[in-house]
Amino acid sequence: MAEQSIILFDGVCNLCNGFVRFVLPRDRKEAFLFGSLQSVRVREMLRNYSYSSDSLSTVVLLEQNQLYTRSTAVLRIARKLGGGWPLFYGFIIIPRFLRDGLYDLLARNRYRLFGQREICMVPTPEWKARFI
């Protein structure tokens, strides 16, 4: 298997957990591992990139020792999924300030719109090995 990218997400956010549950079955090549931004291991990992996991308002993609956040992370994730999802990567041509503006609007309101959990998501036994 090729080097896996790591998707870091807000483990108590229902929207973020839904995104992870969306990606898992569409990641046919198992290109991604997953980690909650609340976990100690992920926080330690992010220190190597001078990125604070205190900002839980974005999906973070760690790919080939490079961090991607916000809309760029989501589009780069879509590019590796099965089916027609890689077509969404075409939106990368839209200026980042426009893409991230829309992303930030959703991120600021995600708890109000989608709710949040008391504890982080517990993966199913079949997906447990994909979580760090």
Side-chain angles (χ1 to χ4, degrees):
M1 182 180 326
E3 180 181 325
Q4 290 176 308
S5 300
I6 304 172
I7 298 173
L8 307 174
F9 64 99
D10 179 353
V12 298
C13 168
N14 285 337
L15 176 62
C16 303
N17 281 284
F19 179 69
V20 170
R21 286 191 307 273
F22 173 84
V23 170
L24 277 162
R26 289 163 184 82
D27 180 21
R28 296 181 189 140
K29 296 179 182 176
E30 296 188 0
F32 299 110
L33 294 175
F34 302 85
S36 167
L37 287 165
Q38 287 86 354
S39 81
V40 172
R41 183 171 177 197
V42 167
R43 287 176 182 265
E44 289 172 359
M45 179 188 318
L46 288 174
R47 277 192 218 126
N48 295 329
Y49 295 92
S50 300
Y51 184 86
S52 171
S53 61
D54 293 336
S55 172
L56 300 176
S57 63
T58 185
V59 168
V60 177
L61 176 64
L62 176 56
E63 186 174 61
Q64 297 178 348
N65 293 317
Q66 178 95 21
L67 278 183
Y68 299 95
T69 61
R70 300 157 76 189
S71 65
T72 302
V74 172
L75 292 174
R76 291 182 73 88
I77 292 165
R79 184 174 66 167
K80 290 187 174 183
L81 299 180
W85 297 105
L87 295 173
F88 280 92
Y89 188 71
F91 287 109
I92 202 79
I93 66 169
I94 296 172
R96 186 173 18 190
F97 77 93
L98 292 174
R99 290 185 282 118
D100 285 349
L102 182 60
Y103 182 97
D104 290 343
L105 178 66
L106 183 60
R108 274 193 309 272
N109 295 293
R110 72 189 187 284
Y111 291 148
R112 186 171 55 80
L113 295 171
F114 299 96
Q116 95 186 83
R117 302 165 176 247
E118 300 265 334
I119 58 171
C120 291
M121 173 183 153
V122 177
T124 64
E126 68 180 310
W127 289 338
K128 188 172 176 91
R130 307 268 313 271
F131 286 76
I132 57 171

For a 4.5 angstrom cut-off between non-hydrogen side-chain atoms, does Tyr68 reach Ile77? no
Separation between CZ of Arg110 and CG of Leu105, rounded to the nearest 0.5 Å: 12.5 Å
Starting at CG of Leu113, measure out to CG of Asn14 and round the result to the nearest 0.5 Å. 11.5 Å
Exceeds 12 heavy-atom contacts within 6.0 angstrom, atom CZ of Arg96: no
Closest non-hydrogen contact found for Gln38 with Phe9 is OE1-O, 4.0 Å
Scan Leu67, Leu62, Val42 and name whichever one has a side chain to side chain contact (heavy atoms under 4.5 Å, CB included) with Ile6. Leu62
Please work out whether the ring planes of Phe34 and Phe32 are parallel, tilted or perpendicular, with thresholds of 30° and 60°. tilted
Under a 3.5 Å distance rule, please check whether Asp10 uses its side chain to pair with a backbone N or O of Leu37 as donor and acceptor. no
Determine whether Phe97 and Ile94 fall in the same hydrophobic cluster, where Ile, Leu, Val, Met, Phe, Trp and Tyr are linked whenever their side-chain heavy atoms lie under 4.5 Å apart. yes
Side chains of Leu61 and Ser5, heavy atoms from C-beta outward: is any pair under 4.5 Å? yes
Just verifying a value: how many Å separate Arg21 CZ and Cys16 SG, rounded to the nearest 0.5 Å? 10.5 Å
CD1 (Ile132) and OG (Ser39) are apart, to the nearest 0.5 Å, by 6.0 Å
So that I can tick it off, tell me whether Arg70 and Asp104 are bridged by a salt bridge, with the cut-off set at under 4.0 angstrom between side-chain N and carboxylate O. yes
Residue pair Lys80 / Glu63, side-chain heavy-atom distance below 4.5 Å: yes
Do Thr72 and Arg99 have side-chain N/O donor and acceptor atoms under 3.5 Å apart? yes
Look up atom CG in Asn17 and atom OG in Ser36, then write down how far apart they are to the nearest 0.5 Å. 8.0 Å
If we ignore hydrogens and angles and just use 3.5 Å, is the side chain of Arg43 paired with the main-chain N or O of Val40 as donor and acceptor? no
So if you build clusters from Ile, Leu, Val, Met, Phe, Trp, Tyr with side-chain heavy-atom gaps below 4.5 Å, do Leu102 and Leu15 land together? no
With side chain to side chain contact (heavy atoms under 4.5 Å, CB included) as the criterion, how do Val20 and Trp127 come out once you've worked through the C-alpha distance, each side chain's angles and the decisive distance to 0.1 Å? CA-CA 11 Å; Val20 170; Trp127 289 338; over 6 Å; no
To the nearest 0.5 angstrom, please state how far the CZ atom of Phe114 sits from the CG atom of Leu106. 5.5 Å
When clusters are formed by joining ILVMFWY residues with side-chain heavy atoms under 4.5 Å apart, either directly or through shared neighbours, do Ile7 and Tyr89 land in the same one? yes
Considering all heavy atoms of both residues, which atom of Ala73 and which atom of Val59 are nearest to each other, and what is their separation? CB-O, 3.7 Å
Over all atoms of both residues, closest heavy-atom pair of Gly82 and Trp85: O-CD1, 3.2 Å
Tyr49 atom OH: more than 12 heavy-atom contacts under 6.0 Å: yes
Phe88 atom CZ: more than 12 heavy-atom contacts under 6.0 Å: no
